[in-house]
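Heads up: numbering here begins at 1 and tracks the sequence.
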Amino acid sequence: MRLLRSLSSRLVFNWVVFSLIVFFTVPATVLLPLAALGVDDVGYVRLEGHTVKRARIIVMHAVRKTPEGRLRIEPTPELRDYLARNPRFRFAAFDAQTGEAFAGSSQELVDYFSSQLGKLEMLGATFHILGDDDPDSRGSARMVRTPFGRFGTIVYGAQFHWDDVLFWLYNYPTTANVVAYIPLCAALSLVALIVVRKSLRPLRVSAARLAEIDLDSLDRRVPTADMPSEVLPFVEALNGALERVDAGVARQRRFIANSAHELRTPIAILRTRLDQLDDTPIKRELERDSLRIQTILEQLMVLAQVEERARTCAAPELDLGEAVLSVTADYTPIALGAGRRLAFEPPATRVIARAYEWALESVVTNLVANAVRAEPPGGAVVVRVTADGVVEVEDHGEGVEPDSRDTIFEPFWRKSEATPGAGLGLAIARELMGKLDGRIWVEETPGGGATFKLAFDKVG
């Protein structure tokens, strides 16, 4: 059951089930053994005092109405069997108003109580007749309600047999006992529910803290203050797992940063050797490919630096227009060499944003390089900074299909096998923008093409 996944609902459910079992079996499983041992038997009822209820019910079931309309006690098979097992058993029933005994009553009981039957309303009493040879004999006098009306009963001398335990278990769940159990069970269930919820409150606080942890906040730990001792080992194990994950991610980041740094030298040598070649279409293609590789390496190194610095301080403020203009100017010769132009549209007013300049340059350079490759020969890529702190890189190429506008930022995504590159540039750009608390997305260029946009945390 889905409901029983809750610890509080499990506790309440089990409390109800087991309290129900205990409440309706405790007379047979606790009171009778205590009476047999004479423990805490304040009224000196003994076991024989506990069997009078069974005897009284047997007598009640034996009451019949004669054709004349009078009541009498018939020797039913059940009564005869009970008498055979209890030779000293005596019984009587009498009219509640007149005190007249029913026919079939034991005469000695009638004679013993005859002077009192019309004077007392016996609501319930356990007694022992003085002078009885058996000191453990017990009797009971009680008014009862039956289909024949209300009348008095007296039973005496029944002996306790252990099959009376089954009788107790079967007859104890009366209306009165059930009514008494319901409010008790409801009150204690409410107490159990409150106790569990209050005890697990620190766990809910810890769950909220845990939900905020991601790869950028692996140094956080789940608080253990006021944590229930039953849950504490789990929380401590979880904190240990976070420590191991944090250490593993840190090692991975250092490895990527070191690898990127080591690859810078062979890439620089490769570009130097390409510069020594004659200017041919193949050379220009190789230069663009080597530049793309160099850009990815620079992005990886920038990502590692941003991740490290973001742990200790917020990104500084910079002039977004000047920073993007600098990138555009640096890439203009490369674009011209590829037969494309770069156009820059500055913001109407100065725009200040929070970002690391070298991280911004890395992301914008990647977008500009992609736009130059997508732009048809002779066309112009437009780089724009808006007044609300958004950088736009607009090309007029084939564009990006609507279904692919989210997946293009996944690692190793490429439009086709013929598309050059490893499919890492945009994925790294998205990671960088996330570290800068920014956002990157793509829209369609009016008239055709793709416009990549970067939103930064604007200051003021």
Check [options] against [X] for a side chain to side chain contact (heavy atoms under 4.5 Å, CB included) and give me the one that passes.
X: Phe456; options: Leu360, Ile352, Val385, Asp388; result: Leu360
X: Ile440; options: Glu431, Met433, Lys453; result: Met433
X: Val382; options: Glu345, Glu392, Arg341; result: Glu345

Can you confirm whether [X] sits close enough to [Y] that some side-chain heavy atom of one is under 4.5 Å from a side-chain heavy atom of the other?
X: Arg221; Y: Glu243; value: yes
X: Leu426; Y: Asn370; value: yes
X: Val52; Y: Phe127; value: no
X: His128; Y: Tyr156; value: yes
X: Leu367; Y: Leu454; value: yes
X: Arg405; Y: Glu444; value: yes
X: Lys53; Y: Arg56; value: yes
X: Val372; Y: Leu342; value: yes

Taking every non-hydrogen atom, the tightest pair across [X] and [Y]:
X: Gly321; Y: Pro347; value: CA-CD, 4.2 Å
X: Ala371; Y: Val393; value: CB-CG1, 3.7 Å
X: Asp406; Y: Arg430; value: O-NH1, 4.5 Å
X: Phe409; Y: Trp441; value: CZ-CA, 3.9 Å
X: Val351; Y: Ala387; value: CG2-O, 3.8 Å
X: Ala141; Y: Ile154; value: CB-CG1, 4.2 Å

Looking at Arg85, I want to see if its CZ is surrounded by more than 12 non-hydrogen atoms of other residues, nucleotides or ligands under 6.0 Å. yes
Just checking Glu357: does its CD atom have more than 12 heavy atoms from other residues, nucleotides or ligands closer to it than 6.0 angstrom? no
Can you check whether [Y]'s main-chain N or O pairs, donor with acceptor, with [X]'s side chain at less than 3.5 Å?
X: Arg138; Y: Pro135; result: yes
X: Thr407; Y: Ser404; result: yes
X: His396; Y: Glu375; result: no
X: Asp395; Y: Ala450; result: yes

Point-to-point distance, once rounded to the nearest 0.5 Å, from [atom1] of [X] to [atom2] of [Y]:
X: Leu320; Y: Leu325; atom1: CG; atom2: CG; value: 11.5 Å
X: Ile57; Y: Tyr82; atom1: CD1; atom2: OH; value: 10.5 Å
X: Phe234; Y: Asn239; atom1: CZ; atom2: CG; value: 10.0 Å
X: Met60; Y: Thr146; atom1: CE; atom2: OG1; value: 6.0 Å
X: Arg340; Y: Thr332; atom1: CZ; atom2: OG1; value: 14.5 Å
X: Phe452; Y: Ile408; atom1: CZ; atom2: CD1; value: 4.0 Å

Inter- and intrachain pairs under salt bridge (charged side-chain N to carboxylate O under 4.0 Å, His left out), touching residues 318-334, at least two apart: Asp319-Arg350
